[in-house]
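Here the structure comes first, spelled out in structure tokens, and everything after it is commentary.
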Amino acid sequence: MNIIITGWAFDSYLDLKNRQIFDAEEYRKTLRPGVLLLKTYPNDPFFNSSKFWSQATDSAKNRIPHGFKMKWHQIGNGKVQLRLPVGVYTEAYLCEAYVKKNEVFEKRQMARFKTHLALINNNRFTVHGRLS
């Protein structure tokens, strides 16, 4: 599966890096290899682990069609939980990554993700690159 880096993913990566949520080594050894697993979706065992991959849900706990979340725990010096929403169609679209803070913030991020998926469906987004 092709992996598309959207403008939202690129901007959030720069923001998280600027805030020193993770360092270059953690990105290279943990985050990037996790994202590259999308090339093999759904055939890697990691996609069966709810600690790493889950269906995205909205505030009413309804599944968001084509919406999933990649999850990393204990990231960076602050040992935060990092989330990367991914739209899965014939290609995987990386959306706005964020640090999980609380349930209210999580619900807001999922609302934003639903908007991003709608924009992807209407081809109204920026491609900043592809991972292959």
Exercise. Which heavy atom in Leu16 sits nearest to a heavy atom in Ala97, and how many Å separate them?
Worked result: CD1-CB, 3.8 Å
Problem set entry | Side-chain donor/acceptor of Ser54 to backbone N/O of Ser50, under 3.5 Å | no
Exercise. According to the interplanar angle, ranging from 0 to 90°, do the rings of Phe52 and Trp72 count as parallel (below 30°), tilted (30 to 60°) or perpendicular (above 60°)?
Worked result: perpendicular
For this session: Any chance you could measure Asp23, atom CG, to Lys29, atom NZ, to the nearest 0.5 Å?
Result: 9.5 Å
Exercise. Which heavy-atom pair separates Ala56 from Lys69 by the least distance, and what is that distance?
Worked result: CB-CG, 4.3 Å
Seminar exercise, completed: One should read off an interatomic distance between His128 NE2 and Ile4 CD1, to the nearest 0.5 angstrom, of 12.5 Å
Problem set entry | NZ (Lys71) with more than 12 external heavy atoms under 6.0 Å | yes
For this session: Please indicate whether Lys79 has more than 12 foreign heavy atoms, meaning atoms of other residues, nucleotides or ligands, lying under 6.0 Å from its NZ.
Result: yes
Problem set entry | Thr40 side chain vs Asn43 backbone, donor-acceptor pair below 3.5 Å | no
For this session: Indicate yes or no: at least one non-hydrogen side-chain atom of Phe22 is less than 4.5 angstrom from one of Tyr13.
Result: yes
For this session: Indicate yes or no: at least one non-hydrogen side-chain atom of Tyr89 is less than 4.5 angstrom from one of Asn121.
Result: yes
Problem set entry | Verdict with reasoning, Lys101 to Glu106, per salt bridge (charged side-chain N to carboxylate O under 4.0 Å, His left out) | CA-CA 7 Å; Lys101 297 177 185 177; Glu106 181 78 9; over 6 Å; no
Exercise. Are Arg83 and Gln81 side-chain neighbours, meaning at least one heavy-atom pair lies under 4.5 Å?
Worked result: yes
Problem set entry | Main-chain N/O of Lys61 paired to Asp58 side chain as donor or acceptor, under 3.5 Å | yes
Exercise. Rounded to the nearest 0.5 Å, what separation is found between the OG1 atom of Thr115 and the CZ atom of Arg124?
Worked result: 11.0 Å
Problem set entry | Candidate pair Arg112 and Glu96, rule side chain to side chain contact (heavy atoms under 4.5 Å, CB included), full reasoning | CA-CA 9 Å; Arg112 290 171 62 93; Glu96 184 180 15; 2.9 Å; yes
Exercise. Are side-chain heavy atoms of Tyr27 and Ile75 found at a separation under 4.5 Å?
Worked result: no
Problem set entry | Minimum heavy-atom distance between Met1 and Val88, given as atom pair plus value | CE-CG1, 3.9 Å
Exercise. Stepwise, does the side chain to side chain contact (heavy atoms under 4.5 Å, CB included) test hold for Ile64 with Met110?
Worked result: CA-CA 9 Å; Ile64 298 172; Met110 289 299 97; 4.2 Å; yes
Exercise. Is there a side chain to side chain contact (heavy atoms under 4.5 Å, CB included) between Leu131 and Leu38 once you walk through the steps?
Worked result: CA-CA 10 Å; Leu131 297 175; Leu38 287 167; over 6 Å; no
Problem set entry | Near-ring test Phe68/Trp53, centroid separation under 6.0 angstrom | yes
Exercise. With a 4.5 Å limit on heavy-atom distance, are the side chains of Arg32 and Leu36 in contact?
Worked result: yes
Exercise. Has Arg63 got more than 12 heavy atoms of other residues, nucleotides or ligands less than 6.0 Å from its CZ?
Worked result: no
For this session: Measure up the Tyr98 and Phe105 rings against each other and bin them: parallel (under 30°), tilted (30 to 60°), perpendicular (over 60°).
Result: perpendicular
Exercise. Side-chain contact, heavy-atom cut-off 4.5 Å: Leu82 with Val99?
Worked result: yes
Exercise. Would the number of heavy atoms belonging to other residues, nucleotides or ligands and lying under 6.0 Å from CG of Asn122 be above 12?
Worked result: yes
For this session: Report yes if some heavy atom in the side chain of Ile5 is under 4.5 Å from a heavy atom in the side chain of Val127; otherwise report no.
Result: no
Exercise. How far apart are the C-alpha atoms of Cys95 and Ile120, what are their side-chain angles, what is the distance that settles it, and do they pass the side chain to side chain contact (heavy atoms under 4.5 Å, CB included) test?
Worked result: CA-CA 10 Å; Cys95 290; Ile120 289 167; 3.9 Å; yes
Exercise. Any side-chain heavy-atom pair from Tyr93 and Val86 closer than 4.5 angstrom?
Worked result: no
